[in-house]
Amino acid sequence: MTIADHSADPVPRSWGWPVAGGGRAAHVEAGSRFAGTTSQICGLFPFATSSGSDVRGVPVGRHLHTAEPVGLDPAHWLRTGLVSNTGVWVQGQPGIGKSSITKRLLAGLVGFGMRAVVPGDVKGEYTALVHALDGAVWRLGRGLHALNPLDAGPLRAALRNAPDADRTRLLETLRARRLSLLDALVTIVRRNEPDVTERRLLGAALDRAVSTAGDREPLIPDVLAVLVFGAPELMTIAACDDQLDYGRSARSLINALGLLCEGAIRGIFDRPSTARFDPDTPALSLDISALDDDDDDVVAAAMLCSWAWSAALTDAAAYGSRRRNVVQVQDELWRALRVAPGLVERSDRITRLGRHRGVVSFQITHSLDDLEALPTESDRAKARGMASRNGVLLLGGMAEKELDGLRRITSLSEGEAALITSWAAPPTWHAGRIHPGRGKYLIKSGQRVGLPVALTLTPSEIALHDTDRAFRQDAS
């Protein structure tokens, strides 16, 4: 039977056939909504409705199952109650593109009005992106830029603009952060923590150095000079009657601080900052790649100093007429923390003070084995706590053995675990084939079902995100 065979059939009116009881409906019932588990409604796949992913935020790719665009903005998720904090944990094998999705989010959040800060960029891989964002890159190292970690920096202007009540709080915050940094640096140099007396000596010496410095910023050599001089209040703390006795008591602390000024990092963190912070800059990177070949304690000291200075910038961002939230990236985090016991807590204290000020933070690692490499079980437990406190997890391809550790910080269904391990499957031996997990991520938040997304880079991003440049024949 063809269409022509029906050509003589009557055509119904626009509101239906004129039958008994028929006619235009005055009211149409709403559709019914049903929900069920995957096993109950698997026969309905592919679903006619959306996956429920929120497209608000920086576009990070398409949903692997529904092809919907997926957006991610931790600040927006916090405002709408999806997460309780704005920390993002990024984990996956090398080569799957952890840096790429981080840079995509970094650029997008800067576009939303935030300021990007990369404190202690060990490999210098964010330099091109920061330049593209019209930001500033400070290259720290011997013969390069110097950074005074005790410098109030951008917080100095904030102190002038803040209300009286906030000014007192900011001053105490600044003191606490400087003291935590000195404490951590002594721990790195000596490989053990200062005792109670040494901490009190550091605090008293820091207060006197700040007072003596007047209008200029205090330096680590200023604190060292106060310790060597042994002012009366310091001798009281050390319970010493004369200089000789004081010298014996404070010798270890003085020598540890002295190494910062005379050891391998001399000239980098013991003199005034040589770069000026522009409060209008949309992005700032403290590039320490010039120190990448140094010992771990040198890199750890450089990273801690960079974090401390950047934390002041975070506090300052909340004051003044140009208030901006901050998005911060901490890559190679564990390289600093594994140098000496207790650095996990100190680094957390240095950076944590600013989180309530509107900070979106990214912590990047390729394996939870990095946590297991920390010196003590206490450090490992605290590091796992830091990881689990992140509100969002971006998980790339990784081996099965990684999942046991991962399940300690988030729940994973069998399907999600299978997806992650499939992305880590070895590629073929055919040249030119990309890693099977490159650009694929599972976005997890709390107990929700994860969002599997595939990120596709734009041509301009491909040039900015290239981390294999050193191996290219045309690399300059």
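Computed from a predicted structure; not experimentally measured.
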Visitor: Any non-hydrogen side-chain atom of Ser361 less than 4.5 Å from a side-chain atom of Thr86?
Guide: no

Visitor: Whether the side chain of Arg438 engages the backbone of Trp423 through a donor-acceptor N/O pair (distance < 3.5 Å, no angle test) should be reported.
Guide: no

Visitor: Is it the case that Ser273 and Asn148 place a side-chain donor and acceptor less than 3.5 Å from each other?
Guide: no

Visitor: Give a yes or no on whether the backbone of Pro119 and the side-chain of Ser310 come within a donor-acceptor separation of less than 3.5 Å.
Guide: no

Visitor: Under 3.5 Å, is there a donor-acceptor pair between the Gln447 and Ser411 side chains?
Guide: yes

Visitor: For residues Val70 and Pro59, determine if any side-chain heavy atom of one lies less than 4.5 Å from a side-chain heavy atom of the other.
Guide: no

Visitor: Please report the interatomic distance CG(Asp222) to CZ(Arg216), rounded to the nearest 0.5 Å.
Guide: 4.0 Å

Visitor: Would you say Thr127 and Val130 make side-chain contact, with heavy atoms under 4.5 Å?
Guide: no

Visitor: With a 4.5 Å cut-off on side-chain heavy atoms, are Leu442 and Glu416 touching?
Guide: yes

Visitor: For Arg177 and Ser180, test the side chains for any donor-to-acceptor distance below 3.5 angstrom and give the result as yes or no.
Guide: no

Visitor: Between the side chains of Ser99 and Glu125, is a donor N or O closer than 3.5 angstrom to an acceptor N or O?
Guide: yes

Visitor: Quick one: sort the Phe277 and Trp309 rings into parallel, tilted or perpendicular, breaks at 30° and 60°.
Guide: perpendicular

Visitor: Would a 4.5 Å heavy-atom cut-off, applied to side chains only, mark Leu72 and Leu105 as touching?
Guide: yes

Visitor: Determine whether more than 12 heavy atoms belonging to other residues, nucleotides or ligands lie under 6.0 Å from atom CZ of Arg190.
Guide: yes

Visitor: Find the distance between CG (Asp331) and NE2 (His366) and round it off to the nearest 0.5 Å.
Guide: 11.0 Å

Visitor: Checking Ser367 against Gln91: is there a side-chain donor and acceptor pair closer than 3.5 Å?
Guide: no

Visitor: Tell me, do Asn390 and Val392 make a side-chain contact under 4.5 Å, heavy atoms counted?
Guide: no

Visitor: Could you tell me if the side chain of Pro69 sits less than 4.5 Å from the side chain of His63, heavy atoms only?
Guide: no

Visitor: Do the side chains of Leu129 and Leu106 get nearer than 4.5 Å, heavy atoms only?
Guide: yes

Visitor: Between Thr376 and Ser378, do the side chains contain an N or O donor and an N or O acceptor separated by less than 3.5 Å?
Guide: no

Visitor: Can you tell me how far apart CG (Leu412) and CG (Leu419) are? Round to the nearest 0.5 Å.
Guide: 10.5 Å

Visitor: Is Thr281 reaching over with its side chain to a backbone N or O of Leu284, donor-acceptor style, under 3.5 angstrom?
Guide: no

Visitor: Do we see a donor-acceptor contact under 3.5 Å between the side chains of Ser285 and Asp287?
Guide: no

